[in-house]
Structure formats: structure tokens, C-alpha cells
Visitor: 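Got a structure for you, written out below as C-alpha cells; questions coming shortly.
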Amino acid sequence: MLQLQVIRDRKEDIIRALTKRNIDATALVENVLRLDEKRRATQTRLDTTLAESNALSKEIGMLFKTGKAQEANLLKEKTGQLKEDSKKLGEDLNTTTDELQNVLYQIPNVPHESVPAGNTEEDNEEVFQEGDIPTLQTNALPHWELAKKYDIIDFELGVKITGAGFPVYKGKGARLQRALISYFLDKNTEAGYTEIQVPHLVNEASGYGTGQLPDKEGQMYHIAADDLYLIPTAEVPVTNLLRGEILSQKDFPLRYTAYTPCFRREAGSYGAHVRGLNRLHQFDKVEIVRVEHPTNSYEALDGMVAHVKQILRELKLPYRILRLCGGDLGFTSALTYDFEVFSTAQDRWLEISSVSNFETYQANRLKLRYKDENGKSQLAHTLNGSSLALPRVLAGILENYQTPDGIQIPEVLVPYCGFEMIN
RNA sequence: GGAGGAAUGGCAGAGUGGUCGAAUGCGGCAGUCUUGAAAACUGUUGAGGGUCACACCUCCGGGGGUUCGAAUCCCUCUUCCUCCGCCA
């Protein structure tokens with residue numbers, strides 16, 4: 001969520017920047033300012049009332065102590081009205097604070113200046129492309145056909161035991177999954193990220209912390225009996241590790257990597273584009289998360305992009321990098337680069353990584369701060385990215401590495417797989 | 001799942017109705033001493049709201065209550081510990 005102080009100071013800038021997301025935030029921002037003013041006015045009145053009654057209480061205490069019970073009882077009568085007032089004011093304050101909070105939750109992050117304006121993915125800006133798109137044999141198959149042909153992923157079996165979008169990986173398919181996870185974790189660890197394992201279920205506070213709640217409530221699986229959510233990404237538990245922390249400047253940079261399954265309801269996604277591994281309810285992902293000093297966060301973002309590039313280079317997959325336009329940018333992000341691998345057999349680009357800087361948007365909800373050189377608390381910047389998401393990398397490998405004799409395993413993965421070919 | 005105990009500042013730990021945002025120790029920061037470091041000594045050190053700055057207000061796991069007044073009493077929830085049961 002945006003910082004109140006920033007909205008107060010730079011209202012016009014914020015409204016203007018948000019037009020890149022094709023939203024007119026004027027009404028929301030005005031509402032925030034109105035509620036903020038109301039909140040502060042109420043707070044002041046409450047404070048005054050409390051101060052008065054505190055003073056009286058102190059006086060009463062003194063009187064009792066010095067044996068002037070009669071005078072004390074006289075004063076007691078005066079406190080009744082104050083008590084009533086402060087109760088009323090306290091309720092008003094809570095109501096206004098909640099209202100203010102709710103409006104603030106509705107305002108997305110302010111896009112970075114480099115974010116292009118635009119409505120849809122068509123308007124995303126390609127900033128980099130690398131790798132040769134292979135020429136495949138004439139009867140090249142999409143990955144779901146390959147998965148069936150070599151019996152490495154069974155979608156129907158997943159339907160049987162759970163439902164659509166929950167594939168079962170078998171034999172070399174399962175082994176390749178495990179190989180990718182290990183390979184990604186190793187690469188991330190080498191780059192200075194600390195490997196951690198986190199719970200796959202989180203509580204409501206964590207959902208709010210990183211901004212999945214209340215914005216994307218319907219996209220997460222919710223376990224009603226225990227009021228827990230299945231994580232849609234490791235970003236949620238990993239970033240929330242730091243919730244409420246006040247760091248010291250020398251703690252920076254904080255770098256974590258974690259493998260987790262990810263669960264997404266994907267309500268409203270149907271059709272040809274969701275075939276095979278393209279869109280699943282459960283998939284595996286290795287995530288990288290960084291917490292940075294504000295002055296360093298964009299450098300860190302570039303570093304994360306460079307890191308993911310390096311992995312794709314090693315895998316020898318053709319990919320491109322897009323800078324997301326305002327309309328396609330996630331609610332909480334200030335700047336996002338999407339990585340897409342070219343899926344030759346499907347003749348389309350598949351998103352395999354999304355690397356974002358959230359600036360203080362998440363930190364504000366998380367109350368994730370650090371002490372600056374003057375000893376004042378400041379919000380840190382949070383970033384995260386996939387490094388990498390498994391299913392589409394797998395799809396890319398299957399499709400781009402297919403040969404008439406089978407599917408070749410990328411060289412760097414052979415030591416992890418223990419085989420060179422799926423046939 | 002059943003029975004009992006507990007939750008206080010970065011950590012440890014006092015505080016059982018008034019002047020307590022909270023003793024003390026450790027840790028952190030600054031300084032003195034030192035060629036430097038360590039030790040010792042001195043000072044300082046929770047968070048948030050509010051203000052030009054003060055004042056002032058809130059916070060002792062969360063929520064509610066009793067009281068003129070609550071860290072302290074009551075209710076409730078959550079978490080942790082011990083014992084029993086179950087169990088990978």
C-alpha cells in the first residue's frame with residue numbers, strides 16, 4: 001500500500017503516474033486525503049479527552065493518598081462524561097481508520113517512470129532477446145503430445161485423483177522436475193541467495209503483507225476450517241519472514257531463494273491457452289526474494305534480471321525480456337520484467353519468470369523497515385522473481401529439444417538427471 | 001484430543017491496582033583510555049500517532065470488560081512450555 005505521507009505530499013504526481021495503469025485514481029486519492037484528515041481530527045479530539053481524564057485520575061489518586069476522600073469522590077463524578085466521550089471518539093477513530101485502510105488497499109502501486117503506458121500485453125515493451133529459435137522436424141509436437149508419447153506427464157491421472165490442472169509427473173518426467181529444482185536452487189545459491197524452506201500454507205496476515213489480500217482473494221485456495229491459504233507463490237511466505245522487522249543498514253542486502261509448489265485457482269481461465277503445462281492449479285517454482293535499501297533496489301532488480309538471463313543462457317533456451325506496460329503490471333509492482341521462452345512447437349512465447357521491484361508498497365503493509373543514519377525508521381524495498389517457474393521451462397525444453405529420436409536433455413541438466421535423452 | 005503452566009523492550013528478566021513506557025543485566029550506538037584492538041569507565045538506546053517544534057496520546061501476545069485509574073483484576077481468542085493420548 002502507498003504511504004499516506006507520500007499521498008499527502010505528491011498527490012498530483014501519483015494520480016498522473018497511475019494513468020499509466022489506465023485508472024483514474026482522483027476519487028480514491030481524494031477520499032484518502034479526506035479520511036486522513038478526518039482520522040487526524042478525531043485522533044486529536046480523543047487525545048485531548050484522554051489527556052484530561054488522565055490528569056483527573058492522577059489527581060484523584062493523590063487525593064486518596066492524602067486522605068481527602070471526599071474531594072476525590074467529587075472529581076470522580078466529572079470523569080463520567082469524559083469516559084463516554086472517549087468511548088464514542090474511540091469508536092469513530094476505529095471506523096475512520098478502517099475506512100481509510102480499505103481505500104488505501106484499493107490503490108495499486110505507482111508505476112516506475114520507465115513503465116510504458118498501455119492496456120494489454122500487446123503494449124509490453126520488448127527490451128531484450130537472445131538465443132536461437134531451433135528449426136524442428138516437420139512433425140514437431142507440442143509438449144502435451146510429447147508428454148503422452150514418452151509417458152512422462154499424465155494429465156488424466158491428475159484429473160482422476162484431484163482435478164484438471166494437477167498433473168502427475170512420471171519416470172523421467174518426475175526426475176527432470178527434480179533436476180530442474182536442484183539446478184535452479186544451486187544457481188541461486190551460487191549467486192548469494194540463501195536457500196530456505198518455508199510453509200506452503202500461510203495465514204491471513206501474510207496474505208495481506210505481500211498484497212495477495214484483499215486484492216486477489218479469489219485466486220488463492222482457502223482452507224476455511226483453519227483460515228489458512230495455500231501459497232500462490234513462495235513470495236508470500238518468504239517476504240513475510242521479515243514482516244514487522246526493523247533492520248539495520250548493514251543487514252542489506254537480504255537474499256533468499258526457496259523452492260515451493262504454488263497453488264492457484266485461476267478462476268476464469270479456460271481455453272486453448274491453458275492446455276498442457278501452460279496453466280496449472282499446482283506447479284513448482286523456485287523463487288528469489290530480496291530486501292534492499294531504497295537507493296539500491298533498481299540495481300538489485302537489474303542484478304536479478306542478469307541472473308535469470310544467465311540461467312536461460314545455460315539452458316540454451318530462446319527467450320525474450322519484456323518490460324510490462326502499466327495495464328499489465330501487477331497490482332503491487334512498480335516495475336516488472338517478464339521473461340518468456342519461445343515454445344517452438346506451439347509457436348508462441350511462454351512466460352517463465354516475472355521479476356519485480358515493489359519499492360515500499362509491500363514493505364508498508366509488512367512494516368518492514370530499517371534504521372537510517374539518523375536513527376529514523378524508513379521502509380525498505382522488496383523485490384522478487386522466479387528463478388524459475390518449472391512447467392513452462394519444462395514445456396520449452398520438451399518442445400525445443402525434441403528430435404526424431406527423443407528429447408535431448410540440456411547439457412547443464414544431465415548431471416542432475418542422470419540421463420541424456422528421454423525416449 | 002485431555003489436564004496444568006506461561007506470554008513484558010533486540011535478548012534475558014523484575015514488576016500483582018496509581019507518579020510504570022516499565023528496574024536490572026546482556027546486546028547496540030557514541031565517547032574516554034589505547035599505536036590499534038580488547039578490557040574498563042561514561043553517556044545513550046523500544047515502536048507508532050500528533051506538532052514547524054514542543055505539548056499531548058496509544059502500545060507490556062490479540063480482542064473485550066471491571067475501575068476515577070490496569071502490565072497488574074475478570075472474560076475470550078491465539079501462541080508457547082510440561083504431562084497424558086495419538087502419530088510420520
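All chains are named by letter (A, B, ...) in the order of the sequence lines, taking the proteins before the strands, and each is independently numbered beginning at 1.
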Visitor: For B:G1, give the paired nucleotide (Watson-Crick: N1-N3 plus N6-O4 or O6-N4; G-U: N1-O2 and O6-N3; both under 3.5 Å), or none.
Guide: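 Pairing partner: B:C84.
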Visitor: Name the atoms and distances for all side-chain donor-acceptor pairs under 3.5 Å in residues 110-119 of chain A, with sequence neighbours left out.
Guide:
| unit_1 | atom_1 | unit_2 | atom_2 | d |
| --- | --- | --- | --- | --- |
| A:His112 | ND1 | A:Ser114 | N | 3.1 |
| A:His112 | ND1 | A:Ser114 | OG | 2.9 |
| A:Asn119 | OD1 | A:Asn22 | ND2 | 2.7 |

Visitor: Which residues pass the ring-ring contact (aromatic ring centres under 6.0 Å, His included) test with A:Tyr370, sequence neighbours left out?
Guide: A:Phe252, A:His293
Visitor: Out of B:C29, B:C68, B:A47, which has the shortest distance to the side chain of A:Lys76?
Guide: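 Closest nucleotide among those given: B:C68.
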Visitor: For A:Gln81, enumerate each residue passing the side chain to side chain contact (heavy atoms under 4.5 Å, CB included) test, keeping only those at least two apart in sequence or located in another chain.
Guide: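 Side chain to side chain contact (heavy atoms under 4.5 Å, CB included) check on A:Gln81 returns A:Glu84, A:Asp85.
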Visitor: Heavy atoms under 4.0 Å, any strand shown: does A:Thr79 hit a base, just sugar-phosphate, or nothing?
Guide: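 Contact class for A:Thr79: sugar-phosphate only.
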Visitor: Could you identify the nucleotide paired to B:U79, looking across every strand shown and requiring Watson-Crick or G-U wobble geometry with both distances under 3.5 Å?
Guide: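 B:A6 - that is the nucleotide pairing with B:U79, both distances being under 3.5 Å.
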Visitor: Heavy atoms only, 4.0 Å cut-off, all strands: where does A:Ser377 land among base, sugar-phosphate and nothing?
Guide: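 Since only primed, P, OP1 and OP2 atoms lie under 4.0 Å of A:Ser377, the category is sugar-phosphate.
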Visitor: May I have the list of side-chain donor-acceptor pairs in residues 406-422 of chain A shorter than 3.5 Å, sequence neighbours left out?
Guide:
| unit_1 | atom_1 | unit_2 | atom_2 | d |
| --- | --- | --- | --- | --- |
| A:Tyr416 | OH | A:Asp186 | OD2 | 2.6 |

Visitor: Expressed as a whole number of Å, how far does the C1' atom of B:G25 sit from that of B:C33?
Guide: 24 Å
Visitor: For B:G21, which nucleotide in any strand shown is its Watson-Crick or wobble partner with both distances under 3.5 Å?
Guide: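 Pair assignment: B:G21 / none.
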Visitor: I need the CZ-P distance between A:Arg369 and B:G46, as an integer number of Å.
Guide: 14 Å
Visitor: Among residues 80-101 of chain A, which contact RNA chain B at a heavy-atom distance under 4.0 Å?
Guide: A:Lys83, A:Lys87
Visitor: Both distances below 3.5 Å, Watson-Crick or wobble geometry, any strand: find the nucleotide opposite B:A71.
Guide: none
Visitor: Between the side chains of A:Arg392 and A:Glu340, is the shortest nitrogen-to-carboxylate-oxygen separation below 4.0 Å, so that they form an ion pair?
Guide: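 No, this pair does not count.
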Visitor: Pairs in or reaching into residues 91-102 of chain A: which pass side-chain hydrogen bond (donor to acceptor under 3.5 Å, both in side chains), with residues at least two apart or in two chains?
Guide: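 Listed once each, the pairs are A:Lys88-A:Asp92.
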Visitor: Would you kindly compare A:Gly61 and A:Lys371 by the position of their nearest RNA chain B nucleotide and give the one closer to the 5′ end?
Guide: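 Closer to the 5' end of RNA chain B: A:Gly61.
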Visitor: What does B:C60 pair with, Watson-Crick or G-U, if both distances are under 3.5 Å?
Guide: none
Visitor: In Watson-Crick or G-U wobble terms, both distances under 3.5 Å, what is the partner of B:G31?
Guide: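 B:C41 is the nucleotide pairing with B:G31.
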Visitor: Under the rule for salt bridge (Lys or Arg N to Asp or Glu O under 4.0 Å), what residues qualify as partners of A:Glu156, not counting sequence neighbours?
Guide: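 Listed in chain order: nothing, the list is empty.
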Visitor: So if I define the base as every atom that isn't primed, P, OP1 or OP2, how would nucleotides 50-61 of chain B read as a B/S/- string at a heavy-atom cutoff under 4.0 Å?
Guide: SS----SSS---
Visitor: In whole angstrom, give me the gap between the C1' atoms of B:A47 and B:A6.
Guide: 25 Å
Visitor: Could you tabulate the donor-acceptor pairs under 3.5 Å formed by side-chain atoms of residues 194-203 of chain A, not counting sequence neighbours?
Guide:
| unit_1 | atom_1 | unit_2 | atom_2 | d |
| --- | --- | --- | --- | --- |
| A:Asn203 | OD1 | A:Ala205 | N | 3.4 |
| A:Asn203 | OD1 | A:Ser206 | N | 3.0 |
| A:Asn203 | OD1 | A:Ser206 | OG | 3.1 |

Visitor: Classify the angle between the aromatic ring planes of A:Tyr221 and A:Phe263 as parallel (below 30°), tilted (30 to 60°) or perpendicular (above 60°).
Guide: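 Geometry flag for A:Phe263 against A:Tyr221: perpendicular rings.
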